[in-house]
Amino acid sequence: MNLSTMLLMSLMISTLLILVSFWLPQLYPDTEKLSPYECGFDPLGTARLPFSLRFFLVAILFLLFDLEIALLLPLPWATNMTNSTETMLLTTMILLLLTLGLAYEWSQGGLEWAE
């Protein structure tokens, strides 16, 4: 295959995908998707409604474990350094600290959504 054939095929596939992405959502409109905010709250109601504390706890835990992934991402490159035992020790400490925090949160019932 030459370059022009590959470019033409990629242009046709991308055009087809763009057209499908415009037509597909219009087939099955959802009332929540049609609302201006997709959070499930009424945008026309009062802004002083209390939020669930458990929702924020789960959101913070999600961000914490995303941070863990970001911290552990350079680990494969760090193990190739000359002092890899220190890198593994620090990684183990991070994972142990996060695991202990998760176990504590679990034991306190913070991960239970409904009582």
Side-chain angles (χ1 to χ4, degrees):
M1 296 179 93
N2 58 9
L3 183 64
S4 62
T5 307
M6 290 184 65
L7 285 175
L8 182 65
M9 284 178 55
S10 64
L11 182 67
M12 287 174 49
I13 290 172
S14 62
T15 305
L16 177 71
L17 289 174
I18 288 172
L19 290 175
V20 167
S21 72
F22 279 119
W23 287 326
L24 196 58
Q26 295 174 1
L27 293 178
Y28 304 108
D30 188 12
T31 57
E32 291 298 322
K33 290 291 185 182
L34 293 177
S35 70
Y37 302 104
E38 296 180 9
C39 62
F41 296 111
D42 183 21
L44 302 177
T46 179
R48 303 289 180 223
L49 291 175
F51 290 106
S52 171
L53 186 62
R54 294 192 186 273
F55 173 77
F56 287 117
L57 180 65
V58 170
I60 288 172
L61 286 173
F62 179 76
L63 290 175
L64 180 70
F65 285 106
D66 276 354
L67 179 65
E68 173 194 357
I69 291 171
L71 287 174
L72 296 178
L73 192 61
L75 183 63
W77 291 279
T79 56
N80 291 333
M81 296 176 63
T82 57
N83 194 3
S84 64
T85 56
E86 182 181 347
T87 303
M88 286 307 213
L89 180 67
L90 291 173
T91 303
T92 306
M93 288 175 55
I94 289 173
L95 287 175
L96 184 65
L97 180 67
L98 288 172
T99 304
L100 289 175
L102 180 64
Y104 176 75
E105 195 70 39
W106 196 344
S107 69
Q108 295 297 315
L111 298 177
E112 299 294 327
W113 193 257
E115 295 178 15

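Residue numbers run from 1 in the order of the sequence given.
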| message | I'd like to check the side chain to side chain donor-acceptor pair (under 3.5 Å) partners of T92; sequence neighbours left out, ordered by chain and number. | response | none
Determine all donor-acceptor pairs shorter than 3.5 Å in which one atom belongs to a side chain in residues 6-13; sequence neighbours excluded.
| from | atom 1 | to | atom 2 | distance (Å) |
| --- | --- | --- | --- | --- |
| S10 | OG | M6 | O | 3.2 |
| S10 | OG | L7 | O | 2.9 |

All N/O donor-acceptor pairs, side-chain side in residues 55-75, below 3.5 Å, sequence neighbours left out:
none

I'd like a table of donor-acceptor pairs (distance under 3.5 Å, sequence neighbours excluded) in which one partner is a side-chain atom from residues 97-109, with atom names and distances.
| from | atom 1 | to | atom 2 | distance (Å) |
| --- | --- | --- | --- | --- |
| T99 | OG1 | L95 | O | 2.6 |
| S107 | OG | A103 | O | 3.3 |
| S107 | OG | Y104 | O | 2.8 |

